[in-house]
Amino acid sequence: MSVPLEERYTDLQKLCDRVEPKLFDSLSWILVLNLDLIPVEDIKANPNLLFSYNLMYGKVDEAKNIADELSKSDRPNAKYYQEMLNIDPDLSKTSDIGQTFFSLALRRIEVAAKLGIKQY
């Protein structure tokens, strides 16, 4: 049995077009698609990765706190967090986009955990 085509890949542009097209420019610089390939320790040590990780798990408040901090920082990507927060201050639309954007990575993480596969 084959997997439906739209479940085999994620098109951020199409997701943003359905929810809020203005978010594409900033989210394309912020969101990290293949979180299942990154060890959790590395994710938790990097605020950019942790932002995506929290969105993937539906922890919008934690993601918003990170976005607020990063938007005020001197990091090169701060402007993308500022833009995202200007368009979507409560991250409700970003969260909607993230649910679909991260669904495949989350499934792979759940399967790996179930099978006892460790990341190194």
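Without hydrogens or angle criteria, Asn34 side chain to Leu37 main chain gives no donor-acceptor distance under 3.5 Å. Between the side chain of Asn54 and the backbone N or O of Lys59, no donor-acceptor pair lies under 3.5 Å. Gln82 places a side-chain N or O within 3.5 Å of a backbone atom of Ser71 that can act as its donor or acceptor partner. With Asp36 contributing its side chain and Arg108 its backbone, the two residues share no donor-acceptor pair below 3.5 Å. Formation of a donor-acceptor pair under 3.5 Å by the Asp11 side chain with backbone atoms of Leu15 is not found in this model. A donor-acceptor contact shorter than 3.5 Å links the side chain of Ser103 to the backbone of Thr100. In this structure a side-chain-to-backbone donor-acceptor pair under 3.5 Å is present from Ser26 to Leu23.
Residues Asp96 and Phe101 form no side-chain contact, since every pair of their non-hydrogen atoms from C-beta on lies 4.5 Å or further apart. Residues Leu70 and Arg75 are in side-chain contact: their nearest non-hydrogen atoms beyond the backbone lie under 4.5 Å apart.
Trp29 and Tyr80 have parallel rings, their planes meeting at less than 30° on a 0 to 90° scale where 60° marks the start of perpendicular.
Not less than 6.0 angstrom separates the ring centroid of Phe102 from the ring centroid of Tyr57.
Tyr81 and Asn86 share no donor-acceptor pair across their side chains, judged by distance under 3.5 Å alone. The closest side-chain donor-acceptor pair between Glu69 and Asn65, if any, does not fall under 3.5 angstrom.
Remark: Lys64 engages Asp68 in a salt bridge, criterion side-chain N to carboxylate O under 4.0 Å.
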